[in-house]
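Notes to accompany the following structure.
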Amino acid sequence: MDDPKLVEDIVHALDIEGGSAKRRPVHTIGIGATGVFEPSPVAKDFCTAEHFQPTEKPLEVAVRFSNGMGLVKEHDGWSDVRGMAVRFKLSNDRATDLISMTLPVFFAPTPETFLQFATAARPKECNRETPWQKIRDFLKLQIPMPDPYPGQETRPNEGATEFADKHAYAQPAVLQASVIGAPVSYVRASYHAVHTFIVTDPDGTDRWVRFNWQPIAGVLNTNPLDPPVGVYLKEDLEKRLAHGIERFSLMMTIGETGDDFNDSTKQWPPHRKRVMMGLLTLNDVPKDQEAHAEKLSFNPWLLTDGIRPSEDPVLKIRKDVYEFSSNRRGGIPCPFSGTEG
Amino acid sequence: MSDDGGWLNNYVNSLPERGWFKFLSKYVVVPYWVWREPKPKLPGGPRPSSQPSDNVQRMMNLLMPLKDTSPIGRAKAVMALAQNVDEIFAGLDNVGTVHSARFLLVEDYICMISVYDGDFSNYIRDFIATIGSVFDDLMHLVEGGEALYPCEDHVEEFIDWVKAHDLFQAPDYAINLLHVQDEAAGRSPDAPPHELLSLPRELILQLHSNRNISLGGGYRGYPGYSAAQVRDKLGVGW
């Protein structure tokens, strides 16, 4: 661990009132599912990693969907970033993870700036705009801050916006997070692994790539004008998988010289080359959620031959932050050596 | 949906949908901001880039205003194109960098929508060389076209005219509109950073100057590949 204090500070900055040190500091509420992954016929031409090689039997996967907030209480209907962590189970009891979220861009380019952002965006008491302030906003051709949800006492909106006004790098993520909404289902959202990874093809050529999962069922949010439903996402997934399957395509976008490979606050243009790498099929919600999801310790650095991390410093510190968090909550130990949480 | 902040709060939340407030916004608020913070009209066409996939499958959305917008005038524009289908198809084949091109008649405009590879000016230069006579017919029918007739003798002027009538392409990501505006005003982007909440106003004011825009660069089924690469891969040659 390069900077244990920075790791600890980041985790503590993410801890909020209403959360728990016995749970994840963010993406606290979640549900695990299981299924299989089948690589596309062309995936092997771009990456030699085991999960992209043709097999007779599809690869087993464990998936955890989550709400981004660090609250123990569920607020599925609130506008929030959602997460999708996928563990591909490889041969010989090995595994590799791909961690993604519905936000396609990150808040800060370095661990230090992320700590500043996380501190600034810690939930504060909701600052409801008065009608007169809203009228002033309309007259300035601005959109007022949304009213708090029923029962919502704190939120990160004001702090995050104030921070973004002073730090342009945070603006893409804060803007998109402010309008992200709530999906009707965890399987009706696109998920982005915002960091860059390097994949190696059979000829030894390296490519700098970003992955995202696209739902075959399509993307659909709830109507933001309707009253938010408190709890529905877990039940929705259980019902869907009790009666059938749900699928995601894994798409890989290939970066070009000139793109930011090491800065996840910079989105690549949407017309970079992209490759369909495989199909994920979810088929069950295990009954023992503790073992199949909550105790699991996903980590974006759990990779395998043929795919490696970029030099993105935020990706780099995630390895230790995830491990610290896992140890603190008593998760199944990370595959990396023993940091005390 | 938010909690109930009282009847006044709910009423104010509904203002953007109320007729009187829309009227006030349209005839007072927006004109005030247009006066206070005027935005120059942003140019059409793709912005310069040295990156490979930015230079293939570029979009042209050319809106040519008709002189005569009556059904007869509109029919003349249709006929000018319909009588030259062979010339258009053969010409675009010969340009060699075109993925797709089509003409539309939308309200008072005859529009050419095309997807091409490479430099914008060279694309226009090439299609004037190959289908210039079709545009000669059209130039008699569109505003400002007479000065460009015949197109083959006014290539550079024609390129400028097309640039002026090609739609401004809004950035793929909303926040980048602020940077495009900064550059157009000769400022360094984000120095200092803009207030995030100012984005809706900046968009409204830009739409006052650019009434019609292309919303980003659009979707591509096979991004990053040129027409030549696709045709070669498909084995259909030129």
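In what follows, every chain begins at residue 1, and chains take the letters A, B, ... in the order their sequences are listed. All values below were derived from every heavy atom in this structure, side-chain atoms included, with hydrogens, water molecules and symmetry-related copies excluded. In this text the structure is predicted, and so the values were computed from the model without any measurement.
- Nearest heavy atom pair, residue B/Q51 against residue A/G258, reads NE2-C, 3.6 Å.
- With a 4.5 angstrom heavy-atom cutoff, B/L203 does not touch chain A via any of its atoms.
- Judged purely by atom type and a 3.5 angstrom limit, A/Q142 has no side-chain atom pairing as donor or acceptor with the backbone of B/P200.
- Inter-residue side-chain proximity for A/Q176 and B/I175 is flagged as unmet; no heavy-atom pair is nearer than 4.5 Å.
- For chain B, no part of A/D137 is nearby; none of its heavy atoms comes within less than 4.5 Å.
- Between B/Y225 and A/K273, the closest side-chain pair of non-hydrogen atoms falls below 4.5 Å.
- Side-chain atoms of A/L141 and B/V29, non-hydrogen and from C-beta on, do get closer than 4.5 Å to each other.
- Using a 4.5 Å heavy-atom cutoff, the side chains of B/Y173 and A/P270 are in contact.
- Heavy-atom distances place both the backbone and the side chain of B/L8 under 4.5 Å from chain A.
- At a cut-off of 3.5 Å, with distance as the only test, a side-chain donor of B/S53 or A/E256 sits close to an acceptor on the other residue.
- Only the side chain of B/F21 comes within less than 4.5 Å of a heavy atom of chain A; its backbone N, CA, C and O stay farther away.
- With respect to the salt-bridge test (charged N to carboxylate O, under 4.0 angstrom), the residues B/D54 and A/R272 qualify.
- Between A/K166 and B/P193 the shortest side-chain heavy-atom distance does not fall below 4.5 Å.
- Side-chain contact between B/W33 and A/K140 is present, with at least one heavy-atom pair separated by less than 4.5 Å.
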